[in-house]
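Throughout, numbering of the chain's residues begins at 1 and tracks the sequence.
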Amino acid sequence: FVFVVTIVLVTALAAYFWSLGEIDRLGEVGRVTTFKNQMIGLDYAIRSVAHGDINFQNSYELNIPDASLILKKNTDSIALDFFQNAPVLGKAAEKGNETCNSTLEYVYDNFTRISMYRDSNITRVYGGAKGAGKGEAEFIICYYNIDLQFGGKCTEGKGGPRVLVLIKKINYTSIPVVNIDLC
């Protein structure tokens with residue numbers, strides 16, 4: 001009886017320690033995918049406002065626990081910074097530019113020092129991490145044909161769990177000018 005119980009306990013402990021790394025990864029893949037999908041939705045909301053009439057406005061709510069959203073008006077981008085608890089996003093193969101254009105495949109955030117790769121050809125969302133495992137990670141939406149400015153109502157950076165993004169087209173110079181407020 002003692003021998004059988006010992007075998008069962010040793011087997012259970014071995015299985016637990018063998019799967020310990022995968023336990024963190026199971027929930028983290030869904031969390032990171034949710035962040036990416038929300039950034040894709042925010043990209044579409046910003047582009048729809050930019051193509052509307054002046055004073056056209058919209059809002060978009062993000063659920064981003066343990067993350068922060070930052071407007072980077074100098075580079076016309078919005079970044080979602082978070083800490084990934086398992087290796088989901090990898091490090092980009094190349095160091096990209098800090099400014100965007102229509103053919104850019106890699107973006108570099110000079111503040112976080114993270115190189116990111118383009119998610120797909122239909123969005124302007126880039127993602128990447130500092131390393132191949134746990135650590136700092138980021139999604140960024142980068143625009144070359146929309147001028148993002150701070151609207152002045154709320155803030156330029158906000159942490160989760162919920163962030164309401166107010167989007168309003170205020171002008172059109174050579175490109176649309178869009179105000180962004182993070183509430």
Side-chain angles (χ1 to χ4, degrees), residues 31-84 89 92 95-120 122-130 135-183:
R31 178 176 168 255
V32 172
T33 302
T34 300
F35 286 165
K36 178 180 80 169
N37 290 338
Q38 291 182 88
M39 291 297 280
I40 290 170
L42 180 59
D43 174 38
Y44 287 133
I46 291 171
R47 285 196 281 164
S48 70
V49 168
H51 295 297
D53 293 333
I54 292 179
N55 291 327
F56 181 69
Q57 57 190 5
N58 197 357
S59 63
Y60 189 83
E61 186 173 357
L62 288 93
N63 184 14
I64 52 170
D66 301 322
S68 59
L69 193 67
I70 302 161
L71 170 65
K72 298 183 177 200
K73 59 186 177 200
N74 295 339
T75 57
D76 292 325
S77 58
I78 297 179
L80 176 69
D81 297 326
F82 61 97
F83 188 89
Q84 66 179 3
L89 290 177
K95 182 179 175 183
N97 296 331
E98 200 171 358
T99 57
C100 296
N101 62 44
S102 62
T103 61
L104 192 64
E105 292 298 319
Y106 297 97
V107 170
Y108 182 72
D109 187 343
N110 204 23
F111 182 73
T112 60
R113 298 180 185 199
I114 296 177
S115 289
M116 292 163 275
Y117 50 90
R118 189 173 194 151
D119 182 61
S120 72
I122 59 173
T123 70
R124 301 208 174 120
V125 176
Y126 296 79
K130 265 199 176 170
E136 292 178 56
E138 181 174 7
F139 285 111
I140 197 165
I141 308 170
C142 190
Y143 296 102
Y144 58 91
N145 60 352
I146 300 172
D147 182 12
L148 297 182
Q149 295 185 356
F150 174 53
K153 289 182 181 175
C154 295
T155 181
E156 293 181 50
K158 178 135 176 33
R162 297 195 186 279
V163 176
L164 179 66
V165 181
L166 303 176
I167 311 160
K168 182 178 182 181
K169 182 174 181 179
I170 60 165
N171 199 356
Y172 186 91
T173 53
S174 59
I175 59 176
V177 181
V178 175
N179 275 354
I180 302 287
D181 281 295
L182 307 175
C183 303

Note to self: Does anything in residues 61-82 form a ring pair (Phe, Tyr, Trp, His ring centres under 6.0 Å)? List the pairs, not counting sequence neighbours.
What the structure shows: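 Matches after skipping sequence neighbours: Phe35-Phe82, Phe82-Phe139.
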Next item on the list: Indicate yes or no for a side-chain donor-acceptor contact from Lys169 to the backbone of Gly52 under 3.5 Å, with no hydrogens or angles considered.
Entry: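 Pair found, side chain donor or acceptor close to backbone of Gly52.
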Check: At what distance, to the nearest 0.5 angstrom, does CG of Leu104 lie from CG of Asn97?
Finding: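 Answer rounded to 0.5 Å: 5.5 Å.
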Next item on the list: Give a yes or no on whether the backbone of Leu89 and the side-chain of Gln84 come within a donor-acceptor separation of less than 3.5 Å.
Entry: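 Answer holds: yes.
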Report, one line per pair, each donor and acceptor closer than 3.5 Å where one atom sits in a side chain of residues 144-166; sequence neighbours left out.
from, atom 1, to, atom 2, distance (Å)
Asn145, OD1, Arg124, NH1, 3.2
Asp147, OD2, Gln149, NE2, 3.3
Thr155, OG1, Gly157, N, 3.4
Thr155, OG1, Gly157, O, 3.2
Glu156, OE2, Lys73, NZ, 3.2

Notebook entry, point to check: How long is the span from the SG atom in Cys100 to the OH atom in Tyr126, to the nearest 0.5 Å?
Noted result: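 One finds 5.5 Å between SG of Cys100 and OH of Tyr126.
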Note to self: Return the NZ to CZ distance between Lys95 and Arg113, rounded to the nearest 0.5 Å.
What the structure shows: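 Rounded to the nearest 0.5 Å, the NZ-CZ separation comes out at 8.5 Å.
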Let me check something: any side-chain donor-acceptor pairs from residues 172-180 under 3.5 Å, sequence neighbours excluded? List them with distances.
from, atom 1, to, atom 2, distance (Å)
Tyr172, OH, Ser174, O, 3.4
Thr173, OG1, Ile175, O, 3.4

Margin query: Is it the case that the side chain of Tyr143 and the backbone of Ile46 share a donor-acceptor pair, with hydrogens and angles ignored and the cut-off at 3.5 Å?
Written below: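 Pair absent, no side-chain N/O of Tyr143 close to backbone of Ile46.
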Next item on the list: Could you go through the side-chain contact (heavy atoms from CB on, under 4.5 Å) check for Ile167 and Leu42 one step at a time?
Entry: CA-CA 10 Å; Ile167 311 160; Leu42 180 59; 4.2 Å; yes
Checklist line | For Arg47, all residues meeting side-chain hydrogen bond (donor to acceptor under 3.5 Å, both in side chains), sequence neighbours excluded | finding: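 Once residues adjacent in sequence are excluded, the partners of Arg47 under the side-chain hydrogen bond (donor to acceptor under 3.5 Å, both in side chains) criterion are Asp43.
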Notebook entry, point to check: Any idea which heavy atoms bring Ala92 and Tyr106 closest together, and the distance?
Noted result: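 Result for this residue pair: CB-CD2, 3.9 Å.
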Next item on the list: For Tyr108 and Gly96, work out which heavy atoms get closest and say how close.
Entry: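 It is CB-O, 3.2 Å.
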Check: Crowded around Tyr44 OH? As in, over 12 foreign heavy atoms under 6.0 Å?
Finding: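 Atom OH in Tyr44 is crowded, with more than 12 foreign heavy atoms closer than 6.0 Å.
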Next item on the list: Apply side-chain contact (heavy atoms from CB on, under 4.5 Å) to the pair Ile140 and Ile114, showing each step before the final yes or no.
Entry: CA-CA 10 Å; Ile140 197 165; Ile114 296 177; over 6 Å; no
Can you give the donor-acceptor pairs under 3.5 Å from side chains of residues 62-69 to other protein atoms, not counting sequence neighbours?
none

Notebook entry, point to check: For Asn55, what residues pass the side chain to side chain contact (heavy atoms under 4.5 Å, CB included) criterion, not counting sequence neighbours?
Noted result: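 Partners of Asn55 by the side chain to side chain contact (heavy atoms under 4.5 Å, CB included) criterion, ordered by chain and then number, come out as Lys168.
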Next item on the list: Check whether any side-chain N or O of Asp53 sits under 3.5 Å from a backbone N or O of Phe56 as a donor-acceptor pair, and report yes or no.
Entry: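 Side chain of Asp53 to backbone of Phe56, a donor-acceptor pair under 3.5 Å: no, none is there.
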Notebook entry, point to check: What is the distance from atom CG of Leu71 to atom OG of Ser77, rounded to the nearest 0.5 Å?
Noted result: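 Here the rounded value is 7.5 Å.
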Check: Distance-only, no hydrogens or angles: does the Arg118 side chain make a donor-acceptor pair with backbone N or O of Val107 under 3.5 Å?
Finding: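 Answer holds: no.
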Checklist line | Inter-residue atom distance Thr34.OG1 - Lys36.NZ, 0.5 Å rounding | finding: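 Rounded to the nearest 0.5 Å, the OG1-NZ separation comes out at 10.5 Å.
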